[in-house]
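Computed from a prediction, not measured in an experiment: that's the story for all the values here.
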Amino acid sequence: MDRVLILPPRVTETGLAFADAARRRGMRVETLHTWRLPEHLAGHVGAHLYAGPLFADAVGAELGVGLLEPDQDWLARLPRAWTRREVVFTTLAQARSLDRPAFVKPPDDKSFPARVYPSGAGLPGPDVLEDDTAVLVSEVVSFEVEFRLFLAAGRVRAVSRYAVDGELDLAGPVEDTRCADAAAFAAGLLGTGMPELPSAVVIDVGLLADGGTGRPEWAVIEANAAWASGHYAADPDGALDVVLLASRPSAEVAPADRPFLRRLPSVTR
């Protein structure tokens with residue numbers, strides 16, 4: 001079967017790294033020039049996609065890919081021992097009533113900036129976004145260091161540090177040995193009794209100062225769709241393994257993963 005990795009018009013470092021990794025394994029790579037899918041790719045039986053959510057929505061249904069993503073409320077369903085902060089899954093209408101600072105983000109897109117808001121009054125109003133827009137509201141914390149992990153088939157395939165004290169700071173497992181600790185912590189999220197995840201996913205974790213002891217403790221930051229996540233300093237071959245599993249022809253998606261499929265809108269040419 002002719003396997004092809006589809007990339008969007010906007011070139012990124014991760015897209016270039018994945019293109020090189022795909023070619024090394026004999027895949028074809030096509031970078032689209034517009035947000036319109038060429039006719040020869042419509043329904044391609046061996047297509048995989050690496051792109052942002054908006055581009056995925058524009059071409060995904062016609063391409064025929066199944067895109068796996070974690071449930072929007074997954075982070076809020078984690079035990080506090082794993083998040084080390086209060087996280088609530090709610091609506092934008094409810095979040096607008098906040099009278100305290102909180103970190104607010106859309107769970108699976110970039111419809112408004114994810115950041116600390118002094119109160120709900122600073123959130124987009126109903127003239128911008130609908131009241132029932134889903135949001136995650138989190139207690140404000142500061143991560144000392146943050147790591148990204150690509151997981152598939154029950155194990156970590158690639159890991160990278162991406163931030164220190166909130167600033168972009170990339171390092172792989174050789175440069176930062178805490179990558180191994182981050183991987184061990186993240187692997188626990190796949191254990192029995194934990195909220196379910198798709199078989200291929202990206203998890204961000206980090207170190208927080210414990211409120212009681214001040215000692216750094218591991219905590220989950222968020223889960224993301226692998227097909228839309230930057231690889232930072234992670235091994236591109238291992239990260240691409242996860243991307244290809246998270247974005248594959250719809251017919252190849254296993255029954256256990258079907259609840260995690262992104263709902264792709266139909267696009268009329």
Side-chain angles (χ1 to χ4, degrees), residues 69-90 95 98 100-108 110 113-118 134-152 154-173 175-198 200-226 228-234 239 242 260:
E69 59 186 7
D71 289 334
Q72 291 186 333
D73 64 346
W74 176 82
L75 185 65
R77 288 190 286 120
L78 278 180
R80 190 181 177 111
W82 288 85
T83 62
R84 298 193 174 273
R85 65 199 186 281
E86 181 184 18
V87 183
V88 176
F89 180 71
T90 185
L98 288 167
R100 56 178 171 80
F103 181 82
V104 186
K105 73 180 293 288
D108 64 354
K110 294 179 171 58
R115 61 178 175 84
V116 174
Y117 289 84
V135 296
L136 287 166
V137 178
S138 172
E139 178 184 343
V140 179
V141 296
S142 296
F143 284 91
E144 297 177 5
V145 59
E146 299 167 59
F147 297 84
R148 172 155 291 178
L149 303 107
F150 287 78
L151 295 84
R155 65 184 181 90
V156 175
R157 301 292 186 95
V159 56
S160 164
R161 187 187 77 204
Y162 67 88
V164 176
D165 294 328
E167 299 292 331
L168 188 67
D169 192 340
L170 308 185
E175 296 83 12
D176 192 330
T177 57
R178 292 172 297 182
C179 285
D181 296 327
F185 174 72
L189 295 166
L190 305 174
T192 304
M194 299 297 286
E196 290 188 5
L197 286 164
V201 69
V202 160
I203 301 291
D204 293 344
V205 305
L207 286 170
L208 277 176
D210 181 85
T213 66
R215 185 177 60 208
E217 299 286 356
W218 288 103
V220 177
I221 300 172
E222 61 184 5
N224 296 291
S229 297
H231 81 302
Y232 296 123
V242 181
F260 299 105

Report task. Run the numbers on W218 and L207 for side-chain contact (heavy atoms from CB on, under 4.5 Å), then give the verdict. Result -> CA-CA 5 Å; W218 288 103; L207 286 170; 3.5 Å; yes

Report task. Might you work through the side-chain contact (heavy atoms from CB on, under 4.5 Å) test for L197 and L151, ending with a clear yes or no? Result -> CA-CA 10 Å; L197 286 164; L151 295 84; 6.0 Å; no

Report task. Go through the steps for L98 and V137 under the test side-chain contact (heavy atoms from CB on, under 4.5 Å), then give the verdict. Result -> CA-CA 10 Å; L98 288 167; V137 178; 3.9 Å; yes

Query - Derivation of the side-chain contact (heavy atoms from CB on, under 4.5 Å) call for C179 and F147 - result: CA-CA 7 Å; C179 285; F147 297 84; 3.8 Å; yes

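Applying the side-chain hydrogen bond (donor to acceptor under 3.5 Å, both in side chains) test to E146 and every residue at least two apart in sequence or in another chain returns Y162.
Taking 4.5 Å as the limit, some side-chain heavy atom of M194 sits within range of a side-chain heavy atom of L78. The shortest distance between side-chain heavy atoms of V159 and P173 falls below 4.5 Å.
Without hydrogens or angle criteria, E175 side chain to G172 main chain gives a donor-acceptor distance under 3.5 Å. Panel note: side chain R115, backbone V104; no donor-acceptor pair is recorded below 3.5 Å.
Pairs passing the side chain to side chain donor-acceptor pair (under 3.5 Å) check and including a residue from residues 177-188, sequence neighbours excluded, read D176-R178.
Here E139 pairs with R80 in a salt bridge; the nearest charged N to carboxylate O distance falls below 4.0 Å.
F185 has its ring centre less than 6.0 Å from the ring centre of W82. Note: F260 and W74 fail the aromatic proximity criterion, with ring centroids not under 6.0 Å apart.
Side-chain contact, S138 with R85: a donor N or O sits under 3.5 Å from an acceptor N or O.
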